[in-house]
K.L.:
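Would you mind keeping the following structure in view while I ask a few things?
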Amino acid sequence: MSGYSITEPTLAQKWIAGVLVVGYALLTILPLIWIIATGFKSPSDAIAYPPKVVFEPTLEGYVNLFTTRTRMSPEALEEIGPPETWYDRIVRQYDMVISGPSRYGERFLNSVVIGFGSTFLSVFLGTLAAYAFSRFKVPLKDDLMFFILSTRMMPPIAVAIPIFLMFRQLGLSDTHLGMILLYTAVNLSLSVWLLKGFIDEIPVEYEEAALIDGYTRFQAFYKVVLPQATTGIASTAIFCLIFAWNEYAFAVLLTSGTAQTAPPFIPTIIGVGKDWPAVAAGATLFLVPVMVFTILLRKHLLRGITFGAVRK
Amino acid sequence: MAEIVIRNLRKEFGSFVAVQDSTFTVGDGEFFMLLGPSGCGKTTTLRMIAGLELPTSGQILLDGKDVAQSRASARDIAFVFQMFALYPHLNVRRNISYPLVSQGMGRADVRRRVAEVAKILKIEDILDRSVGGLSSGDRQRVALGRAIVREPKAFLMDEPLGALDAEFREHMAEELRALHDRMGATTVYVTHDQLEAMQMGDKIVVMNHGVVEQWGTPQEIYDRPATMFVAGFIGSPPMNFVHFDATLEPGADSVRLSGHKVPIPRIAEGVSGRKLVLGVRPEHVALSDDGAYRGRVVATEYLGTTQIITVETANGTIKARVPSSQAARVGETMALSFNTATLSLFDAGSGHALAVDRAARRAEREQNAHG
């Protein structure tokens with residue numbers, strides 16, 4: 001059943017392990033806390049030295065993130081009258097008024113469409129390809145698998161120029177479809193390899209039993225293999241989404257207007273007046289979808305990472 | 001239920017020939033054993049009957065219809081896998097009803113059929129359990145349930161008892177045979193265990209290296225092995241092989257072993273100047289104090305009612321199964337004699353048995369029985 005060590009750890013060992021774990025957790029969570037906290041600071045608190053740990057929270061960063069503002073002369077301000085809403089009031093401290101929404105919402109939506117779209121495609125195509133590689137006699141199977149993996153061996157930036165030129169020729173530059181296809185292409189190698197591992201682990205007898213029970217090959221795949229591959233599919237989806245969600249280099253090069261995702265947009269916020277809290281707020285909100293997705297699939301992810309390590 | 005006729009069946013995997021040219025018939029309602037060592041092609045043969053592999057050439061007649069190239073789902077047969085292959089994401093009831101649902105049977109009928117099968121297999125109490133937590137015996141029963149619920153033309157079983165522990169295996173073998181007798185279902189059963197094959201089968205096919213070595217009832221295969229491979233594979237300890245050179249006329253009824261005359265069943269064909277092998281089962285060797293053909297006892301194994309005595313002779317080692325009461329000490333010299341009617345004679349080159357004059361053998365048998 002298992003191959004665990006049988007000796008019970010001593011109290012000292014438990015303490016050392018505990019301290020290590022807590023230390024590592026703090027180390028990884030500190031930048032996260034820093035970003036989240038900065039999002040609620042005022043611009044002056046954000047750049048204060050020594051850094052302020054205790055500060056008066058404000059939603060200024062979030063207001064600045066979502067709006068564009070114009071500075072106005074005192075006379076003009078008087079003409080407009082007193083601020084009406086809480087966000088008007090925040091902006092008015094700096095003699096400014098809100099002139100419209102920022103593009104953050106749009107960029108965020110682009111990220112959602114491109115991230116989830118490419119994740120769905122990578123996992124969908126990856127599952128079919130992995131199943132074929134796992135079950136059928138494919139000529140040159142090993143070479144093809146290696147070729148697929150090799151696309152992942154070079155830094156993506158190395159092919160940025162060719163892709164840029166290709167996209168321009170095909171009219172895919174700065175389009176959602178272009179980015180979805182690009183991220184799918186990059187993620188497919190990972191998804192085929194991961195999923196092939198998972199599908200290899202599913203005994204072929206299940207499908208054979210289904211074939212004899214009167215199902216077609218595709219029904220056997222759909223009704224017998226897929227339910228058992230959910231763990232693999234879920235963890236593959238998480239890895240694909242995290243890549244597509246965080247990708248920066250391609251997004252900077254290939255998008256500007258319509259299809260720009262959030263990662264290249266967030267740093268541009270800083271351009272207007274060293275607005276660190278707005279950047280931090282943008283980053284904080286940007287974390288949320290991946291966190292929710294990961295938490296939803298957490299159970300599968302854990303089994304996915306350790307798969308193969310523990311035999312049933 | 002159906003008769004399965006296999007004709008000149010051949011399967012190649014690339015340049016490897018898994019099954020060369022198999023021909024045999026599984027009678028309607030027979031419990032048929034495919035027996036052989038691992039890699040002999042028995043499982044490939046079974047998978048071809050099931051439709052999980054397509055034969056390179058040859059025919060598989062199921063109820064007179066050639067199904068060799070048709071899909072598994074079109075053949076109406078059930079398969080029991082060695083590792084049971086129960087769908088892990090479904091509970092027992094849904095596992096058993098799966099093949100019925102795939103045929104589009106109504107829910108009420110499915111429920112009724114599953115209940116019937118559960119009753120036959122005595123698994124009514126576990127129908128709503130998940131298959132993950134079941135004992136291997138219960139898994140085995142569920143796998144059988146999934147097979148019999150369809151009332152297929154034939155059952156194919158690939159070492160279904162292989163995953164069970166020895167103690168339970170015996171019990172399950174009996175249960176399986178009883179189930180077969182009650183349902184009268186044509187069953188093809190693959191095993192590498194010769195005892196299992198002898199114990200359960202109506203007919204046995206012995207395969208080796210993709211070739212059908214012999215096809216017959218357990219008695220035929222045990223008493224009159226067609227080849228040296230079959231003779232050596234069946235029986236424990238295996239048949240003794242005594243090597244010698246001889247020229248024999250057709251109708252010869254004795255051979256000479258190191259100068260001693262040993263009577264044999266009358267042979268139908270003659271051989272000249274060939275290497276031959278005399279096959280004798282350990283239980284057909286008698287040991288005594290007086291006799292011309294002698295050997296030295298080198299080992300004894302006590303087995304309860306019988307003992308195995310290993311004797312070193314001029315023609316090699318011979319094992320004898322004799323009653324435990326017979327005294328035999330290591331180092332002693334004893335005389336050996338063989339039960340003539342049971343002897344087999346093989347051509348050492350081809351491994352095939354020499355044809356025996358059947359009428360003469362029968363007469364000799366009767367004489368033995370009365371004497």
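A, B, ... follow the sequence lines: proteins, then strands. Residue 1 opens every chain. These numbers were taken from a predicted model, which means no experiment stands behind them.
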K.L.:
Name the option with the most non-hydrogen atom pairs under 4.5 Å to chain A; the candidates are B/Ala72, B/Gly51, B/Ala85.
P.N.:
B/Ala85
K.L.:
By a 4.5 Å heavy-atom criterion (distance strictly below it), what part of B/Ile77 contacts chain A: side chain, backbone, both, or neither?
P.N.:
both
K.L.:
Taking B/Pro88, B/Ala50, B/Ala143 one by one, which has the highest count of heavy-atom pairs under 4.5 Å against chain A?
P.N.:
B/Pro88
K.L.:
Ignoring hydrogens and geometry beyond distance, is a side-chain donor-acceptor pair present between B/Glu175 and B/His171 at under 3.5 Å?
P.N.:
yes
K.L.:
A/Ala210, A/Ala209, A/Gly214: which one forms the most heavy-atom pairs within less than 4.5 Å of chain B?
P.N.:
A/Ala209
K.L.:
Could you look at B/Arg47 and say if it's the side chain, the backbone, both or neither that has a heavy atom under 4.5 Å from chain A?
P.N.:
side chain
K.L.:
Side chain from CB out, backbone as N, CA, C, O: work out which of these in B/Leu86 comes under 4.5 Å of a heavy atom of chain A, or both, or neither.
P.N.:
backbone
K.L.:
Do A/Trp245 and A/Phe293 make the cut of ring centroids closer than 6.0 angstrom?
P.N.:
no
K.L.:
Relative to chain B, which segment of A/Glu208 carries a heavy atom at a distance below 4.5 Å: side chain, backbone, both, or neither?
P.N.:
both
K.L.:
Ring of A/Phe198, cation from A/Lys196 - is the NZ or CZ under 6.0 Å from the centre and inside 45° of the axis?
P.N.:
no
K.L.:
Is the B/Phe155-B/Tyr189 ring centre distance short of 6.0 angstrom?
P.N.:
no
K.L.:
Taking the ring of B/Phe81 and the ring of B/Phe79, is the distance between their centroids below 6.0 Å?
P.N.:
yes
K.L.:
Distance under 6.0 Å and angle within 45° of the ring axis: does B/Arg7 meet both against B/Phe24?
P.N.:
no
K.L.:
Quick one: what part of B/Ala147 sits under 4.5 Å from any heavy atom of chain A, side chain, backbone, both or neither?
P.N.:
neither
